[in-house]
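Below: the structure, in structure tokens.
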Amino acid sequence: MQTKSYLDYKSIIAELVEAVVSGDGINRENIYGLLEYPPDSDLGDLALPCFKLSKVLRKAPQLIAAELEGKIEPAPYFTEVKATGPYLNFRLAPVPLVQEVLGQIIKLGAEYGGRTIGRGQNIVIDYSAPNIAKPFHVGHLSSTVIGNSLFKIYSFLGYNCVGINHLGDWGTQFGKLITAYKKWGSAAEVKKGLIKELMRLYVKFHTEAETDPALEEEAREWFRKIEEGDEEALSLWKWFKDISLEEFQRVYDLLEITFQSWAGESFYNDQIDAVVDELNAKGLLTESEGATIVNLDAYDMPPCLILKKDGSSLYATRDIAAALYRKKTYQFVKALYVTGIAQTLHFQQWFKVIELMGYQWAKDLVHIPFGLVSLKGEKLSTRKGRVVLLEELLTTAIQKTQAIIDEKNPGLEKKEEVARMVGVGAVVFGALSVNRIKDVTFSWEEALNFEGETGPYLQYTHARACSILRKAGFSTDEDLVFDPEKLAEPVTLKVIKTLYLFPEKVMAAAAEYEPSIISRYLIDLAQDFNGFYHGCQVLVDDPDLQRARLILVFAVKTVLATGLGLLGIKAPEQM
RNA sequence: GCGUCUGUAGCUCAGUUGGAUAGAGCAAUGGACUUCUAAUCCAUAGGUCGCAGGUUCGAAUCCUGCCAGACGCGCCA
């Protein structure tokens, strides 16, 4: 896997400019940071805005640009170095560019864009975390696919990632469920209806509890029994959990998402006392209104609740226990928590508590928030039954794909498999294509749209590229030499310049914990490639031209497949 | 009330962390399948970057104040 051996044009320019300019604070690194991509490719491929230099040199930026133009020798990497107003624009020489980019992709294949910077370092990623006995719905999609994508992205950079599914498998809701089950349920009904039946009982509990507050008391009592290890309570809890896990697993199978750990909230039960003791020993705990808290007034935050007045723990307590356990177990350099933006304050609070406990690694805890999913502008509500089940969404998308295949490509082999890849890909891409912080209103129409900036569009582009390679009998076993001079049209060079950007996009996506940077990039790449596809015939009589174009097609296919992989999306060879 | 996030084309969103003429997709209109998969491509049209100040050579981007929406602020998670 590459480190940073590839041709870095920004470094080259920084070096060239540094050699001919001198002044306070003007060095390679600073110049590197100033470089940007011009808004219009007619201007050039890279640009140095001279405003900042103008401050140091006390000269008009236009003048600086003009002077630099005369002092910098373009060859061999540039064909033109030209001042346009206060900008110094560089136009890349096609041959070295083409040779470099395609050469790298041929050499590295699926590893192009990857790095080894994370080697030997562990990152734990907490994502998905659905609640037991509740339906797995579209509200859980973001956490699940963002976490999975970050897992892939960081792994691609060489980190050893640990995916943790911190299941919501503890809490008063199980008391409620057992109460409802004892009153209105039966083993036969639960066996038949599974989560749907559990959900019915849960909803019934809440409607009944509105008029009968005694139910709440009964629920608390049942939860206390679970905590005390009462045999009946515990076996019901275990049964409900098993039913839920089985259903969750079907969704994870469709998404092809796996976890290294399924340690949920219940896993930390026996570690709570030790955490409370430690907090106490460090003098962080105070009593307030009967509850035990960590006061955070000094940090302009409300207090972090550690124990209720009845002495039972809260989720901050369990999160602290989990963090201590994970640090001890995995020695992480970073721990990521992919949860909704609504929990931001909660994470700020208990991150601060970890810091106050004296742990320097508090700075390695990162909350990765995402926007709220709603339904037609209304909140999702399990209690009111206003949810879209994830499994239903995925299977509907798969069915729709199947219908499209039957219509457009009825002879396709492995139809079911392809329909699954494309249907699921559409849903996953939909969740990863915009900035994760944005709130989204779920709409069936949008989720099932397969045209324009969508997963299927990327997969289709990939399949088209594969189709050309297949027809040409292209194989990577051959010696992949080609004449870079053959790839000279603007549409072709555009594709190659976009391919060049892939490694820095991967780095940016990791640095910002933002899979949508990859999504947006892949759309750009596919659009550029489709422009090339329509403008240039690949299978042509001239063998040298065909060879060069085939290599380009191979490169695009490779990067599309890699990028889709980083999003957790499959790239079928035909569709 | 306090705090956080969001506000860019009719709709959904990008916008290289302060740079050149603000870009895509959807929807609309008009074109391109005897040619490597039309889940595609090309063209046209569409803008007071929520509003008002400020900083700067330069602001969609930074600061302040408003407006609108979402979310959060002690015993749920």
Side-chain angles (χ1 to χ4, degrees), chain A residues 34-40 43 47 49 51-52 54-55 60-61 84-87 89 129 131 168 170-173 265 288-293 300-310 312 314-316 318-319 339-346 348-349 369 371-372 374 377 379 401 404-405 407-409 412 422 426 433-435 437-441 443 445-446 449-461 463-472 501 504-505 508 512 516-517 519-520 523-524 526-527 530-531 533-540 546 549-550 553 574-575:
Chain A
L34 294 176
L35 295 169
E36 60 191 40
Y37 299 100
D40 185 345
L43 293 162
F51 306 100
K52 299 256 160 61
S54 148
K55 286 224 166 100
T84 307
Y87 292 87
N89 290 317
N131 291 320
W170 205 249
T172 0
Q173 74 263 29
E265 291 176 39
S288 170
E289 297 169 35
T292 305
I293 65 163
D300 290 322
M301 278 191 274
C304 184
L305 280 269
I306 300 297
L307 294 174
K308 301 182 204 172
K309 58 182 158 208
D310 69 359
S312 56
L314 284 129
Y315 71 136
R318 290 193 279 270
D319 274 339
T339 78
I341 192 172
Q343 293 184 48
T344 302
L345 178 60
H346 161 70
Q348 284 174 346
Q349 288 175 309
L372 188 80
S374 58
K379 271 189 172 181
T401 309
I404 293 173
I405 291 172
E407 180 201 329
K408 302 197 178 200
N409 196 356
L412 181 67
V422 176
S433 60
V434 304
N435 246 308
I437 207 70
K438 301 256 182 183
D439 287 345
V440 292
T441 302
S443 118
E445 199 186 329
E446 267 177 64
N449 177 30
F450 293 180
E451 284 169 18
E453 297 172 342
T454 65
Y457 171 74
L458 298 177
Q459 292 169 317
Y460 179 75
T461 305
R464 264 181 159 178
C466 289
S467 178
I468 295 174
L469 298 174
R470 195 165 50 241
K471 290 208 162 128
L501 296 177
E504 63 185 71
K505 295 291 181 182
E512 292 170 39
S516 72
I517 290 176
S519 313
R520 306 302 319 172
I523 291 291
D524 285 344
Q527 284 174 344
N530 281 316
Y533 182 93
H534 281 270
C536 302
Q537 184 75 13
V538 176
L539 305 177
V540 291
Q546 168 163 322
R549 286 182 174 169
L550 278 173
V553 173
Q574 296 183 56
M575 63 187 271

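Computed over heavy atoms, backbone and side chain alike; hydrogens, waters and symmetry mates excluded. Here is the naming used below: chain letters follow the sequence lines, and residue numbers restart at 1 for every chain.
Nucleic acid contact class of Pro369(A) (heavy atoms, under 4.0 Å, all strands): none. Nucleic acid contact for Pro456(A): base, since at least one base atom lies under 4.0 Å from a heavy atom of the residue. Among the atoms of the strands shown, only primed sugar atoms or phosphate atoms (P, OP1, OP2) are found under 4.0 Å from some heavy atom of Glu265(A). Among the heavy atoms of the strands, none lies under 4.0 Å from Ala60(A). Among the atoms of the strands shown, none is found under 4.0 Å from any heavy atom of Leu550(A). Counting non-hydrogen atoms under 4.0 angstrom, Cys466(A) reaches nothing in the nucleic acid. Heavy atoms of Lys505(A) sit nowhere under 4.0 angstrom from any nucleic acid atom. Using a 4.0 Å heavy-atom criterion, one finds that Val553(A) contacts no nucleic acid atom at all. Note on Ala463(A): a base of the nucleic acid sits closer than 4.0 angstrom, heavy atoms only. Residue Ser433(A) is out of contact with every strand shown, counting any heavy-atom pair closer than 4.0 Å.
Checked by atom type, the side-chain pair Asp439(A)/Ser374(A) shows no donor-acceptor distance below 3.5 Å.
To the nearest angstrom, P of U61(B) lies 17 Å from CG of Asn435(A). Atom-to-atom, CD of Glu512(A) to P of U16(B) comes out at 9 Å; the value is rounded to the nearest Å. In this structure, the CD atom of Gln349(A) is 9 Å from the P atom of C73(B), given to the nearest Å. One interatomic measurement links the two molecules: CZ of Arg520(A) to C1' of G23(B), which rounds to 10 Å at whole-angstrom precision. Residue Glu453(A) contributes atom CD, which lies 12 Å from atom P of C13(B) at whole-angstrom precision. The CD1 atom of Ile437(A) sits 14 Å away from the P atom of U4(B) (whole-angstrom rounding). In this entry the distance linking CG of Asp319(A) with P of C75(B) reads 17 Å, nearest Å. Atoms CG (Leu305(A)) and P (C76(B)) sit 9 Å apart, rounded to a whole Å.
Residue side chain Thr344(A) does not reach the base of G72(B) through any donor-acceptor N/O pair under 3.5 Å, judged by distance alone.
Base pairing annotation: A43(B) forms a Watson-Crick or G-U wobble pair with U29(B), both donor-acceptor distances under 3.5 Å. Nucleotide A70(B) is matched to U4(B) when pairs are restricted to Watson-Crick or G-U wobble geometry with both distances under 3.5 angstrom. The partner of C13(B) is G23(B), judged by Watson-Crick or G-U wobble contacts that both fall below 3.5 Å. Across the strands present, U64(B) finds its partner in A52(B); the criterion is a Watson-Crick or G-U wobble pair with both atom distances under 3.5 angstrom.
Among the nucleotides C36(B), G72(B), G74(B), the one closest to the side chain of Gln537(A) is C36(B). Taking only side-chain atoms of Asn409(A), from C-beta outward, the nucleotide of A77(B), U37(B), C71(B) with the closest atom is U37(B). In this structure, of U40(B), A77(B), C5(B), it is A77(B) that holds the atom nearest to the side chain of Leu314(A). Nearest nucleotide to the Val538(A) side chain, out of C36(B), A20(B), A39(B): C36(B). Between A38(B), A39(B), A20(B), one nucleotide has an atom nearer to the side chain of Met575(A) than all others, and that is A39(B). Listed nucleotides: U16(B), A70(B), C13(B). Nearest to the side chain of Leu372(A): A70(B). With C75(B), C71(B), U37(B) as the candidates, the nucleotide lying closest to the side chain of Lys309(A) is C75(B). When the nucleotides A20(B), U40(B), G72(B) are ranked by their closest atom to the side chain of Thr84(A), A20(B) comes out on top. Of the candidates U16(B), G25(B), U37(B), U37(B) carries the atom nearest the Gln574(A) side chain, counting heavy atoms from C-beta on. Listed nucleotides: G72(B), G74(B), U37(B). Nearest to the side chain of Leu345(A): G72(B).
Remark: Lys408(A) is in phosphate contact with A39(B), judged by side-chain N or O atoms under 4.0 Å from OP1 or OP2. Phosphate proximity of G7(B) to Lys438(A): present, with a side-chain N or O under 4.0 Å from OP1 or OP2. One finds no side-chain N or O of Lys52(A) lying less than 4.0 angstrom from the OP1 or OP2 phosphate oxygen of G58(B). In this model, the phosphate group of A39(B) is approached by a side-chain N or O of Tyr460(A) to a distance below 4.0 Å at OP1 or OP2. Phosphate contact (OP1/OP2 of C26(B), side-chain N/O of Asn449(A), threshold under 4.0 Å): absent. At the phosphate of C41(B), OP1 or OP2 sits under 4.0 Å from a side-chain N or O atom of Tyr457(A).
With a 4.5 Å cut-off on side-chain heavy atoms, Ser516(A) and Val434(A) do not count as touching. Lys408(A) is not listed as a side-chain neighbour of Met575(A), based on a closest heavy-atom distance of 4.5 Å or more. Counting heavy atoms from C-beta outward, Ile404(A) and Thr401(A) have side chains that stay 4.5 Å or more apart. In this structure, the side chains of Gln348(A) and Leu345(A) come closer than 4.5 Å at one or more pairs of heavy atoms.
Look at the P atom in both C57(B) and C49(B): the space between them is 23 Å, to the nearest Å. U6(B) and G15(B) have their P atoms separated by 12 Å, given to the nearest Å. Rounded to a whole angstrom, the distance from the P atom of G1(B) to that of G47(B) is 37 Å.
In this structure Tyr460(A) satisfies the ring-ring contact (aromatic ring centres under 6.0 Å, His included) test with no other residue, sequence neighbours excluded.
Glycosidic conformation of G50(B): anti, with the torsion beyond 90° of 0. Classified by its glycosidic torsion, U29(B) falls in the anti category, the angle being over 90° from 0. Syn is the classification of C33(B), since its glycosidic angle stays within 90° of 0.
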What's the verdict on side-chain contact (heavy atoms from CB on, under 4.5 Å) for Val538(A) and Cys536(A), showing C-alpha distance, side-chain angles and the deciding distance?
CA-CA 6 Å; Val538(A) 176; Cys536(A) 302; 5.9 Å; no

